[in-house]
Amino acid sequence: MTSFGGAGSSGMVDWDLAVTTATRLMRPGPDVSRDEARAIVAELREHAKASETHVRGFTRLGTDETHDTPVLVVDRPGWVRANVAGFRELLKPLLDKMQERRGTSPGGALLGTVGGKVTGVEVGMLLSFLASRVLGQYETFAPATRDLPAGGPPGAPNGGGRLLLVAPNIVHVERELDVDPHDFRLWVCLHEETHRTQFSAVPWLRDHMQGEIQSFLGETDVDPMTVLERVRQAVQSFAGGRPEGEEDEDDGRSLVELVQTPTQREILGRLTAVMSLLEGHADFVMDGVGPEIVPSVTEIREKFQQRRAKGASRLDLALRKLLGLDAKLRQYRDGERFVRAVVEEVGMDGFNRVWTSPNTLPTKAEIAKPAEWVTRVHRKPEA
């Protein structure tokens, strides 16, 4: 197992403990023989390669030289290790600031003794929950590790980026839905390959999103005790921990939304719009390409949408709400409507002006009203 030791392990988050905890708690994958596993991995790699051509042809994005990011077929522990590496890289500036404040803040000594390990366990518990649910993921901010290579856009060889396909989860869902496994694997690869194409064909997109995320984190109150108190209040609000009659406007929000400043809300609005665009675009591409190359795409789409909507259990629904994952479901739906409406109005080339610069990305309001984006981006210059 790759070690994530160093300052991060002795600081605000014990990353090694997070990996260990997640690996210990995660559910076992579906039963497959060694030969079956090899065949599944080989097929996913073939489908990922084939998806490049289909996605590029449909979206008119990218070239043969665009895709220099690796495609990795991983198991659940491999997905956890990859995400811990990404989290550690992305959160380092914030955690370093919190580490500096911890030494002088009230309760800093206590946090120094147990805080990192407690947080490591909590992060591990979260990852164990997600590790059995993610089918694929384009890791935008992925640092290369010894066993997890990463690429990047042209001109940024160390910029990160890799596509993960989580084989046991794909097999689990195809069996749960009782759909054709070969069609389902190709269908999943089409969605994830679209994300890979989005970032590799639009080099500025990664830096733009990283800047927004770092601005969001930079607005976070870096006093450790204050952050922990706000998280505690958020959890109480979600869990109904307040006495009856004391509900306020924060009730019903996710944990992420409840720990924001006003500036963070503005940044989150922009990030939500971008994520809606990316997810909706991927769904639109699947629907556009799927009927030609995935014979049972209609059945797969219908069954998968039902699975997305209902969740697996009451606990699953509760955790989805707390973590803001229900908002992600809205992103798929709202983003796909935006993309479809724009393409119908101005065609694929007209839609692709969305990738010109950060200024041509849709706002959160424009995601809901695509005509406003068309008017703003495609308006004729005044004489």
With R133 as the cation and F129 as the aromatic partner, state whether NZ or CZ is under 6.0 Å from the six-membered ring centre and within 45° of the axis.
yes
Which atoms form the tightest heavy-atom contact between [X] and [Y], and what is the distance?
{"X": "V354", "Y": "L361", "answer": "O-CD2, 3.7 Å"}
{"X": "N169", "Y": "A131", "answer": "ND2-O, 2.7 Å"}
{"X": "A48", "Y": "C189", "answer": "N-SG, 3.8 Å"}
{"X": "V32", "Y": "E36", "answer": "CA-OE1, 3.3 Å"}
{"X": "P168", "Y": "G29", "answer": "CB-CA, 4.4 Å"}
{"X": "P203", "Y": "A201", "answer": "CD-O, 3.4 Å"}

Please confirm whether the ring centroid of H378 lies under 6.0 Å from the ring centroid of W373.
yes
State yes or no: are the ring centers of H281 and F351 separated by less than 6.0 Å?
yes
Within this structure, what is the [atom1]-[atom2] distance for the pair [X] and [Y], rounded to the nearest 0.5 Å?
{"X": "R196", "Y": "T140", "atom1": "CZ", "atom2": "OG1", "result": "13.0 Å"}
{"X": "L278", "Y": "D283", "atom1": "CG", "atom2": "CG", "result": "11.5 Å"}
{"X": "I300", "Y": "M286", "atom1": "CD1", "atom2": "CE", "result": "10.0 Å"}
{"X": "S200", "Y": "L163", "atom1": "OG", "atom2": "CG", "result": "10.0 Å"}
{"X": "K369", "Y": "R337", "atom1": "NZ", "atom2": "CZ", "result": "14.5 Å"}
{"X": "I293", "Y": "S51", "atom1": "CD1", "atom2": "OG", "result": "6.0 Å"}

Is [Y] close to [X] at the side-chain level, that is, under 4.5 Å between some pair of heavy atoms?
{"X": "F184", "Y": "V294", "answer": "no"}
{"X": "T69", "Y": "R162", "answer": "no"}
{"X": "P291", "Y": "T298", "answer": "no"}
{"X": "P370", "Y": "E345", "answer": "no"}
{"X": "N83", "Y": "E139", "answer": "yes"}
{"X": "Q214", "Y": "L217", "answer": "yes"}
{"X": "D75", "Y": "V166", "answer": "no"}
{"X": "V74", "Y": "L165", "answer": "no"}

Is atom CE of M125 surrounded by more than 12 heavy atoms (other residues, nucleotides or ligands) closer than 6.0 Å?
no
Check this for me: D349, atom CG, are more than 12 non-hydrogen atoms of other residues, nucleotides or ligands nearer than 6.0 Å?
yes
Does [X] come within less than 4.0 Å of [Y], counting only side-chain N to carboxylate O?
{"X": "E336", "Y": "R340", "value": "yes"}
{"X": "E372", "Y": "R376", "value": "no"}
{"X": "K303", "Y": "E176", "value": "no"}

Do [X] and [Y] have side-chain N/O donor and acceptor atoms under 3.5 Å apart?
{"X": "Q198", "Y": "T194", "answer": "no"}
{"X": "S296", "Y": "D180", "answer": "no"}
{"X": "W204", "Y": "D207", "answer": "no"}

Just one of V377, V374, V339, L277 clears the side-chain contact (heavy atoms from CB on, under 4.5 Å) bar with P362, so which one?
L277
Set of residues satisfying ring pair (Phe, Tyr, Trp, His ring centres under 6.0 Å) with respect to [X], sequence neighbours excluded:
{"X": "W79", "result": "none"}
{"X": "F87", "result": "none"}
{"X": "H195", "result": "H191"}

D287: what forms a side chain to side chain donor-acceptor pair (under 3.5 Å) with it, not counting sequence neighbours?
R301
Under the side chain to side chain donor-acceptor pair (under 3.5 Å) test, which residues partner E192, sequence neighbours left out?
none
The salt bridge (Lys or Arg N to Asp or Glu O under 4.0 Å) partners of R76 (sequence neighbours excluded) come to none
E174 side chain to V179 main-chain N or O, any donor-acceptor pair under 3.5 Å?
no
State whether the side chain of T360 and the backbone N or O of S357 hold a donor-acceptor pair below 3.5 Å, judged by distance alone.
yes
Test side chain to side chain donor-acceptor pair (under 3.5 Å) on T197 and E193; report intermediate values, then the result.
CA-CA 6 Å; T197 295; E193 176 58 36; 3.2 Å; yes
